[in-house]
S.K.: 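Below you will find the structure I want to go over with you.
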Amino acid sequence: MSSKITIIGAGSVGSTIAYTLSNQDIASEIVIIDINKEKVAGEVMDIIQGTCFRDPISITAGEYADAKDSDIVIITSGIARKPGQTRIELTQTNVNILKEITPQIVKVAPNALYVIVSNPVDIMTYVFTKISGLPENQIIGSGTILDTARLRCGLAEHFDIAQKNIHAYVFGEHGDTSFVPWSRAHISCANIDEYTELMNSFGKKIEPLDKEAMLEYVQKSGGKIIANKGATFYAVSVAVCRLCGILLSAYDSTATVSSMMHGEYGIEDVCLSTLTMVGPNGVKGKVAVPLTDEEVEKLQASANALKSVIEKIQL
């Protein structure tokens, strides 16, 4: 596949995305841009020296002008989340960084699909949508694709089943107000409670799922990883690379990415994650799967929490 991906930000997440891409066949050219020239040069040298074991790939440290003709631009720039700090507390600082980056990158790569990864990702996606001047279909926040991956990991461990057999999602904010619409969660065509009964009839002795504990596992995983090792970057990098693959593939896919809401579930003018159709032309639209009244209330509460933050930031 011949495609060009530019990554803005060579911190832990940005450089790990570049490394992960270098081990896949998604991109033939990778450009990494960072204000710290020595850091980005070192990352590129370290990554490129491991590519002799694969088909040739171009990986360079660049300036904004080098992003010209990019198929995808991934924005990871921002101050890293510190132990005990919420994503929302990062907001204004990282919004200011995004406001500086946006006009420079959009000028040279106006046709690219933009994947926003910087936290708080829903706010950053909203800000980029408002200030970039680009069509909304070109703007995709990584949203709760990582949260969904964490959920499926936890469910796979609980039910002792391969993750590919699990179809369950995390909706809402990538953060504390996220939730799992359990009415839409299935394992091998059965809902969670049905699957538990089926496996027990097989003699697997599966304990009933504590759904609140599972949600807590999903929501607290990032903070626990940060407390233990200082940052999270492996899982989110794999998730973002998977999203890039979807955006460069021949067919559309559904994913829980963050994009602008336009009345779905009674929500307007905020970016958050619900099931979304994405593909070669970016966002096709929200797939408004039926939710229970309680789940709709949780999604609206998540939207309102994000809106209350948006009201406090300077665009």
Side-chain angles (χ1 to χ4, degrees), residues 12-13 78-91 94 116-126 141-159 163 166-185 187 192 207-240 242-243 255-259 261 265 267 270-276 291-292 294-310:
S12 296
V13 173
I79 303 301
R81 185 176 163 207
K82 297 178 175 63
Q85 184 181 38
T86 67
R87 293 181 182 89
I88 298 302
E89 289 170 345
L90 293 174
T91 304
N94 286 351
I116 313 300
V117 184
S118 306
N119 272 322
V121 68
D122 301 292
I123 304 295
M124 300 292 273
T125 304
Y126 179 86
S142 57
T144 60
I145 54 172
L146 174 57
D147 311 67
T148 294
R150 287 168 172 163
L151 172 64
R152 294 184 181 185
C153 178
L155 291 174
E157 290 180 355
H158 179 84
F159 288 102
Q163 293 186 36
I166 299 171
H167 293 275
Y169 305 90
V170 177
F171 279 20
E173 172 205 0
H174 174 53
D176 295 338
T177 63
S178 65
F179 72 99
V180 179
W182 290 110
S183 69
R184 314 309 305 179
I187 303 175
I192 297 297
E207 292 293 327
L209 179 68
D210 185 335
K211 295 175 182 177
E212 289 301 317
M214 183 58 65
L215 176 60
E216 183 177 2
Y217 164 81
V218 171
Q219 292 178 335
K220 303 301 182 184
S221 286
K224 185 173 182 180
I225 293 168
I226 290 169
N228 286 348
K229 58 172 276 189
T232 65
F233 41 87
Y234 293 132
V236 67
S237 297
V238 174
V240 169
R242 170 59 180 153
L243 179 55
T256 51
V257 295
S258 186
S259 60
M261 300 291 286
Y265 306 107
I267 300 170
V270 67
C271 292
L272 47 66
S273 293
T274 63
L275 206 59
T276 307
L291 299 177
T292 66
E294 182 183 2
E295 289 165 349
V296 171
E297 288 177 4
K298 289 180 178 179
L299 187 62
Q300 292 175 345
S302 191
N304 290 335
L306 288 166
K307 286 184 176 183
S308 69
V309 176
I310 291 170

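In this text, all values refer to a predicted model and were calculated from it rather than measured experimentally.
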S.K.: Quick one: NZ on Lys224 to OG1 on Thr232, what's the gap to the nearest 0.5 Å?
M.R.: 14.5 Å
S.K.: Answer yes or no: does atom CZ of Arg184 have more than 12 heavy-atom neighbours from other residues, nucleotides or ligands under 6.0 Å?
M.R.: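 Counting neighbours around CZ of Arg184, more than 12 heavy atoms of other residues, nucleotides or ligands fall under 6.0 Å, so yes.
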S.K.: Within the 4.5 Å heavy-atom criterion, are Leu155 and Leu209 side-chain neighbours or not?
M.R.: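 Answer yes - side chains close enough.
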S.K.: Checking the side chain of Asp147 only, and the main-chain atoms of His174 only, is there a donor and an acceptor separated by less than 3.5 Å?
M.R.: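 Between the backbone of His174 and the side chain of Asp147 there is no qualifying donor-acceptor contact (under 3.5 Å).
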S.K.: Could you walk me through whether Phe171 and Leu291 satisfy the side-chain contact (heavy atoms from CB on, under 4.5 Å) test, starting with their C-alpha distance in whole Å, then the side-chain angles of each, then the deciding distance to 0.1 Å, before giving a yes or no?
M.R.: CA-CA 11 Å; Phe171 279 20; Leu291 299 177; 4.1 Å; yes
S.K.: Where do Leu272 and Gly172 come nearest, in terms of heavy atoms and distance?
M.R.: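 Minimum heavy-atom contact is CB-O, 3.8 Å.
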S.K.: Roughly how far, to the nearest 0.5 Å, is the OH atom of Tyr126 from the CG atom of Leu306?
M.R.: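 Leu306 CG to Tyr126 OH: 11.0 Å, rounded to 0.5 Å.
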S.K.: At what distance, to the nearest 0.5 angstrom, does CD1 of Ile123 lie from CD1 of Ile116?
M.R.: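 Ile123 atom CD1 to Ile116 atom CD1 measures 13.0 Å (nearest 0.5 Å).
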S.K.: Output, in order, the C-alpha distance, side-chain angles, deciding distance and verdict of side-chain contact (heavy atoms from CB on, under 4.5 Å) for Glu207 and His158.
M.R.: CA-CA 8 Å; Glu207 292 293 327; His158 179 84; 4.2 Å; yes
S.K.: Do any side-chain atoms of residues 295-304 form donor-acceptor pairs under 3.5 angstrom with protein atoms, and if so which ones, sequence neighbours left out?
M.R.:
residue, atom, partner, partner atom, Å
Glu295, OE1, Ser183, OG, 2.7
Glu295, OE1, Thr292, N, 3.0
Glu295, OE1, Thr292, OG1, 3.4
Glu295, OE2, Trp182, N, 3.2
Glu295, OE2, Ser183, N, 3.1
Glu295, OE2, Ser183, OG, 3.1
Gln300, NE2, Tyr265, O, 2.9
Ser302, OG, Glu173, N, 2.8
Ser302, OG, Thr177, OG1, 2.7
Asn304, ND2, Gln300, O, 3.2

S.K.: Please list, chain by chain and in numerical order, all residues satisfying side chain to side chain donor-acceptor pair (under 3.5 Å) with Ser259, sequence neighbours excluded.
M.R.: Lys286
S.K.: Does Thr256 have any side chain to side chain donor-acceptor pair (under 3.5 Å) partners at least two apart in sequence or in another chain, and if so, which?
M.R.: Thr144, Thr148
S.K.: How far does CG of Leu275 sit from OH of Tyr169, to the nearest 0.5 angstrom?
M.R.: 5.5 Å
S.K.: For Cys153 and Tyr217: C-alpha separation, side-chain torsions, deciding distance, then whether side-chain contact (heavy atoms from CB on, under 4.5 Å) applies.
M.R.: CA-CA 10 Å; Cys153 178; Tyr217 164 81; 3.9 Å; yes
S.K.: Would you mind reporting whether Met124 and Asn94 have side-chain heavy atoms less than 4.5 Å apart?
M.R.: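 Yes; the side chains approach each other to less than 4.5 Å.
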S.K.: Could you tell me whether the side chain of Thr274 reaches within less than 4.5 Å of the side chain of Met261, counting heavy atoms only?
M.R.: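 Sidechains of Thr274 and Met261: in contact.
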S.K.: Please answer whether the main-chain N or O of Ala168 pairs with a side-chain N or O of Arg152 as donor and acceptor at a distance below 3.5 Å.
M.R.: yes
S.K.: How long is the gap from CG on Leu146 to CG on Leu151, to the nearest 0.5 Å?
M.R.: 11.5 Å
